[in-house]
Amino acid sequence: MTAEVNKGPFVGIRHLQALLIFITITCVYVGRLNVGVSVVAMTNAESTNPDFPEYDWTNGQKSLVLSSFYWGYIITQFIGGYLCKQFGVKKVMFWATISSGVCSAVTPPLIKWGGWGAYCGIRVVMGFAQGVIFPCIHQHLARWSPPQERNRLGALSHTGIECGNVLSMFMSGMIAKGPMGWPGISYISAVFAFTSGILWFIFAANNATESRFIGETERDYIESTLQHDENYHKVIIPIPWRAIWTSAPFLAVLVTRCADNWGLSTLQAEIPEYMNGVLGMDIEDNALFSALPFLAMWVMSYVYLITSDILLTKKYMSITAVRKTLNSLAFWVPAATLIGIGFLDVDQKTLAIVLMTLGVGFNSGATIGSALNTIDLSPNHASILMGIINTASNIVPIVTPLVAGAIVSDGTDRTEWQIVFIISAVIFFVFNCIFLIFGTAVVQPWDAEDFLLGKQPELAKTPAISDESDTKKSISG
């Protein structure tokens with residue numbers, strides 16, 4: 001008979017770390033994604049507060065503004081994976097979040113000074129700051145999550161993506177319509193980021209051995225379930241670059257994440273324009289109905305979480321089967337709804353909203369389906385894998401608004417939007433097939449701590465992280 005493991009409090013510090021990640025993601029996403037509603041508000045004063053400046057920007061200029069965040073974002077992904085290994089997740093995440101808040105705070109005066117060009121510039125800088133965040137998050141989850149809880153804690157924390165989407169789109173329209181006008185969108189976003197940074201600074205820790213708040217029982221439980229040796233937190237494990245780049249499961253999740261970003265970033269950036277141009281909604285209704293799909297996404301993320309938890313706990317499916325099943329739902333249902341949306345016009349706005357809500361809602365399964373797969377493949381190198389994947393996949397959101405801008409010359413033309421949606425649908429379908437064939441949730445051989453150390457022991461070095469407490473010896477197995 002197996003003895004019951006004492007995991008510490010029912011809600012422990014590991015759950016607090018997941019909550020901190022949720023809050024951080026939510027707050028930085030508010031700053032990242034408010035641009036869609038902001039651009040509509042700044043270029044269409046009749047549908048927002050008329051007491052603030054209106055700008056006459058071309059569709060091409062608006063597309064550049066929408067994509068500019070990702071110009072900076074892709075550059076710091078690799079750097080983020082390195083920095084969090086070198087200096088620890090706590091410091092890197094804190095400064096990244098605070099820097100993002102500063103960018104939001106200075107956005108309105110910069111736009112008044114330099115127009116759309118200045119808007120692009122500060123969005124690039126915000127992208128630099130936020131680029132390091134997700135590599136840090138994946139390392140943090142790998143260091144804090146016992147393997148049997150990894151899917152649950154990872155999925156819970158990543159629901160901040162959907163929450164940030166909803167808050168950004170819903171609040172932005174109301175703020176722009178209210179007394180603060182469109183500048184208020186950026187100021188409120190800054191408050192969110194600063195608050196998140198302060199909470200992170202107080203309560204976050206790089207790992208269980210460094211936390212000031214954790215109890216001994218929970219700390220020992222976490223450390224004993226992670227398969228590493230006693231010096232794990234004191235050395236930097238060398239990165240097996242060649243093995244990573246020749247790994248079929250890694251390459252499968254890489255292209256899958258690129259495909260997901262294509263479809264979703266098209267919707268995130270273009271929904272406000274589509275609602276305004278094709279369905280004829282003003283900025284307040286636009287914000288409300290633009291937020292509905294992402295509200296469905298937020299709700300569905302918990303449906304997927306509960307479903308996957310039951311399937312795994314009851315051992316109905318393996319983690320690989322769960323990931324592939326949910327990713328298929330997350331890709332193929334939106335593919336079908338996008339094609340349907342492309343054939344609708346202003347007389348069928350209710351059906352368009354329903355299809356869009358269903359498509360985006362089902363897409364939330366991609367978090368459990370493929371986004372968390374980096375931690376499955378390599379807990380030791382999760383930040384590096386995420387850095388690579390986010391670099392590649394976030395080149396996509398630079399391209400998608402530009403493609404949409406090139407195709408849609410008349411925002412009221414349904415047939416032009418039809419082309420944009422069909423392209424996304426085809427990408428969704430094809431690249432999920434690749435994930436079904438080559439994807440897996442099995443830890444890869446090159447994740448082993450001694451994969452390179454056995455041949456080149458001099459590669460191991462002490463990271464620049466202050467470790468005040470002695471690392472507990474863990475139990476391998």
Side-chain angles (χ1 to χ4, degrees), residues 18 21-22 25-26 29 134 137-138 141 150-166 249 252-268 292-314 316-341 354-377 386 389-390 393 396 424-425 427-441:
I21 293 174
F22 169 85
I25 293 176
T26 298
Y29 260 66
F134 271 91
I137 286 172
H138 279 231
L141 287 170
R150 191 168 286 154
N151 184 73
R152 184 185 307 128
L153 294 176
L156 278 171
S157 61
H158 277 69
T159 58
I161 295 174
E162 290 78 33
C163 183
N165 269 297
V166 172
V253 72
L254 172 63
V255 298
T256 301
R257 297 310 304 157
C258 289
D260 186 51
N261 264 19
W262 182 287
L264 191 57
S265 66
T266 299
L267 291 173
Q268 286 173 340
L292 274 179
F294 298 100
L295 179 60
M297 195 179 199
W298 191 14
V299 172
M300 283 295 295
S301 68
Y302 293 103
V303 174
Y304 280 121
L305 171 60
I306 294 170
T307 301
S308 63
D309 217 32
I310 293 172
L311 292 173
L312 293 172
T313 302
K314 301 293 185 181
Y316 294 141
M317 298 175 71
S318 67
I319 184 65
T320 296
V322 167
R323 298 228 185 278
K324 290 184 176 182
T325 300
L326 298 194
N327 206 73
S328 296
L329 289 172
F331 275 42
W332 288 350
V333 172
T337 59
L338 279 169
I339 292 175
I341 288 169
V354 169
L355 288 177
M356 197 174 297
T357 301
L358 285 174
V360 177
F362 269 91
N363 183 255
S364 64
T367 297
I368 295 175
S370 54
L372 295 175
N373 193 220
T374 58
I375 308 175
D376 299 326
L377 299 179
M386 192 58 183
I389 288 173
N390 256 15
S393 64
V396 171
S424 296
I427 289 173
F428 266 145
F429 180 82
V430 171
F431 284 93
N432 185 64
C433 291
I434 294 175
F435 186 66
L436 291 176
I437 296 170
F438 297 105
T440 183

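Since this is a predicted model, take the numbers as computed values, not measurements.
Taken to the nearest 0.5 Å, the OG1 atom of T26 stands 9.0 Å off from the CD1 atom of I161. One distance of note links CD1 of I375 with CG of L141; it measures 4.5 Å at 0.5 Å rounding. Separating the OG1 atom in T256 from the CG atom in N261 is a distance of 11.5 Å, to the nearest 0.5 Å. In this structure, CZ on F362 lies 4.5 Å from CE on M300, to the nearest 0.5 angstrom. In this structure, CG in L355 is found 11.5 Å from CD1 in I339, a value given to the nearest 0.5 Å.
Residues meeting the side-chain hydrogen bond (donor to acceptor under 3.5 Å, both in side chains) test with S328, sequence neighbours left out: N432. Checked against ring-ring contact (aromatic ring centres under 6.0 Å, His included), F134 has the following partners two or more places apart in sequence or in another chain: H158. With sequence neighbours left out, R152 forms a salt bridge (charged side-chain N to carboxylate O under 4.0 Å, His left out) with D309. Every ring-ring contact (aromatic ring centres under 6.0 Å, His included) that F429 has, sequence neighbours left out, goes to W332.
Residues T357 and A296 share a closest heavy-atom pair of CG2-CB, 3.4 Å. Here the closest heavy-atom approach between residue A155 and residue L372 is recorded as N-CD1, 3.6 Å. Residues T440 and L377 approach most closely at O-CD2, 3.4 Å, considering heavy atoms. Here the closest non-hydrogen pair linking A366 and A330 is N-CB, 3.2 Å. Here the closest non-hydrogen pair linking A18 and S157 is O-CB, 3.4 Å. What you find for F428 and A259 is that their closest heavy atoms are CE2-O, 4.0 Å.
Put simply, the side chain of T337 gets close to the backbone of P334: a donor and an acceptor are under 3.5 Å apart. The backbone N or O of L305 lies less than 3.5 Å from a partner atom in the side chain of S308, making a donor-acceptor pair.
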Would M297 and L264 satisfy side chain to side chain contact (heavy atoms under 4.5 Å, CB included), going step by step from the backbone distance to the final call?
-> CA-CA 11 Å; M297 195 179 199; L264 191 57; 3.7 Å; yes

Going through the distances and angles, do F22 and L156 end up as a side chain to side chain contact (heavy atoms under 4.5 Å, CB included)?
-> CA-CA 7 Å; F22 169 85; L156 278 171; over 6 Å; no

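Within the structure, side chain to side chain donor-acceptor pair (under 3.5 Å) contacts touching residues 364-375 (residues at least two apart or in different chains) are H138-T374, R257-S370, N327-S370, N373-D376. The side chain to side chain donor-acceptor pair (under 3.5 Å) contacts involving residues 295-304 comprise T159-Y302, W298-Y302, where partners must be two or more places apart or lie in separate chains.
Contact check for R323 versus N151: side-chain heavy atoms found under the 4.5 Å cut-off. No side-chain heavy atom of F431 sits less than 4.5 Å from a side-chain heavy atom of C258. Taking the side chain as every heavy atom from C-beta outward, I319 and R150 never approach each other to under 4.5 Å. Residues L312 and M317 are not in side-chain contact: their nearest non-hydrogen atoms beyond the backbone lie 4.5 Å or more apart.
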